[in-house]
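See structure below.
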2 protein chains.
Amino acid sequence: MYTLLKQFLAKNMAADEAVLDAFCQKFRLKKTKRNEILLSAGDVCPYIYFVNSGCLRIYMMDVNGKESTRFLVTEGRFGTAFPSFTLQEPSLAYIQSIEPTEALYINSHDFRELLDTIPGWERVYRINLERDYIASIKRIESLITMDATQRYKQLMETTPTLIQRLPNKIIADYLGISQETLSRLKSKK
Amino acid sequence: MYTLLKQFLAKNMAADEAVLDAFCQKFRLKKTKRNEILLSAGDVCPYIYFVNSGCLRIYMMDVNGKESTRFLVTEGRFGTAFPSFTLQEPSLAYIQSIEPTEALYINSHDFRELLDTIPGWERVYRINLERDYIASIKRIESLITMDATQRYKQLMETTPTLIQRLPNKIIADYLGISQETLSRLKSKK
DNA sequence: GTAATTTATTGACATTTGTCAAATTTCAGC
DNA sequence: GCTGAAATTTGACAAATGTCAATAAATTAC
C-alpha cells in the first residue's frame, strides 16, 4: 500500500524506516471506480492524493458544460486541485478518477504538519513542486508557440502511454482542442 | 539595495537582521539598459534574479524568429529561465530587460547553499514556488479555455499596469496571439 | 527638436480550428 | 457474448485568428 510512496520519498531524502512509517500513517487509502467524482467545483479541496494505480483527472467545466483538462495524474505522482488545496479556497476544478484508481490521500492540516515535522520532507516536496512547475511551464510554452498538430505530435513523443490509455476526448481537451480536430489530425498523419 | 528583498523574506520568515544580511550578501546588483539580453537560448542559466525595479522578460524564439513571452517579472519578484536554472541545463528561453532594470542576482550554487543554511528560507522559497505554480496553472487554464478576447479582458482586470507599461507586441505574444489580433480587439471594445 | 527606427493600426485574404449533425465504431456493464 | 451507451469519425459550414502588406503613429537616439 505504501510502497510507491516510500520510493517517492527515498529518491530525495535519507530517512530510516520508522520515519517513513510515521509519514505514511498520515495517509488513508481510497479506491474508486471509473469516473467517480472526488471533488466538485465550488468546494474547498481537502486532500492531496498520491496515486498508486489508475489515473486522476483535474478538469474544469465552463457555463456551457464544456470540459477542459488541467492535469492528468498517474501512478507514483501527487495530484490535487492545487490552488484550492494550497490556499484552502473554493476550487474552480473538479477531480475525477478516469480509471479505477487506488490513491492515498491526506488532508491539508496533516500535510502541513508533515512539512513541519518530517526532516527532509519540505525539501522533497519543494523539489517535486519544481518538477511540476517546470512541466507546467513547458505546457504553457506549447500552448503559446505550437498549433494543434505540433502539440499532439509532442504529446505522442513525450507520453505515448497517455494517448493509448485515455479516451480521445480527454486527450483533446488536455491539448486545448476539440475532439473533432484531434480526430482529424490523427487520421491525416 | 536590499530593502525589497528583505521585505520579501520577512513576509514568511522570522529572522534577525544578521541572518537577513548574511542572506543578502550572496546577491550582487546588476543594472541594465532597456532591451539588454541577460541570457541567450542554448546557454545554461547561471542566475536567478530578484527585480528591484524595471522588468525582465523570459521569452522564446522559434526558427522563424517569432517570439513568445513565457513570463514577465516585475518589482519585488524572483525570476529566471526556471527549467534551465533549476536543472542547470541549456535554456530554451532568453532573458531580456525590457525596461531599464535593477536586479539582484545569485548563482545556482550559492542559491542552493542558502536553501541548506538559512533556516526558514527553504519554506519561504517553497511558498513562493507554490505561488508561481498557481499563477502558471491559471495561465494554462486561460489558454485552454478562453479565446483571445477573454484572455485580454482578464489581463486588463488582473494586471492593468502591465498593459499600460509594456508595448503591445509583448502583451500580444504573452497572450499567445498576434499583434494584429490584439490591436483589433483593443479597438473593438 | 528632428530624423530614423520601431511600433501600432488597418485591410484583404488564407488558414486553422470550432460547431453541429449524422453515421459508425467501440466498449462497459450485465 | 449481448446490448445499450459512449466514443469516434466524417462532412458541411461558420467563426476566429494568422499572415502579408501598406500606412500611420509613436518613440528613441542623436
Would you check, one step at a time, whether the test side chain to side chain donor-acceptor pair (under 3.5 Å) holds for B:Asp173 with B:Thr69?
CA-CA 6 Å; B:Asp173 71 36; B:Thr69 295; 2.5 Å; yes
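- Side chain of A:Ser142 to backbone of A:Arg139: a donor-acceptor contact under 3.5 angstrom is found.
- At a threshold of 4.0 Å, the pair A:Glu122-B:Arg126 counts as salt-bridged, since one of the basic side-chain nitrogens sits closer than that to a carboxylate oxygen.
- Once you apply a 4.0 Å limit to the heavy atoms of chain B, the touched nucleotides of DNA chain C run 5' to 3' over C:dT7 to C:dA12.
- The only member of A:Met60, A:Arg70, A:Arg57, A:Met61 that meets side-chain contact (heavy atoms from CB on, under 4.5 Å) when paired with A:Tyr94 is A:Met61.
- Put simply, CG on B:Leu166 is 18 Å from P on D:dA26, counting in whole angstrom units.
- As rounded to whole Å, 12 Å separates atom C1' of D:dA26 from atom NZ of B:Lys186.
- Annotation: side chain of B:Asp132 is in contact with side chain of A:Tyr133 (closest heavy-atom distance under 4.5 Å).
- Atom-to-atom, CG of A:Asn168 to P of D:dA6 comes out at 17 Å; the value is rounded to the nearest Å.
- Of the residues in residues 174-183 of chain A, those placing a heavy atom less than 4.0 Å from an atom of DNA chain C are A:Gly176, A:Ile177, A:Ser178, A:Glu180, A:Thr181, in numerical order.
- Two residues, B:Arg151 and B:Arg34, neighbour DNA chain D, and the one matched to the more 5' nucleotide by heavy-atom proximity is B:Arg151.
- By the 4.0 Å N-to-carboxylate-O rule, A:Arg123 lies close enough to B:Asp116 to be salt-bridged with it.
- How far OG of A:Ser136 is from CZ of A:Arg131: 13.0 Å, rounded to the nearest 0.5 Å.
- Between B:Phe78 and B:Phe8, the ring planes are perpendicular. Angles over 60° get that label, and only those under 30° would be called parallel.
- At whole-Å resolution of the value, CD in A:Gln96 and C1' in D:dA6 are 14 Å apart.
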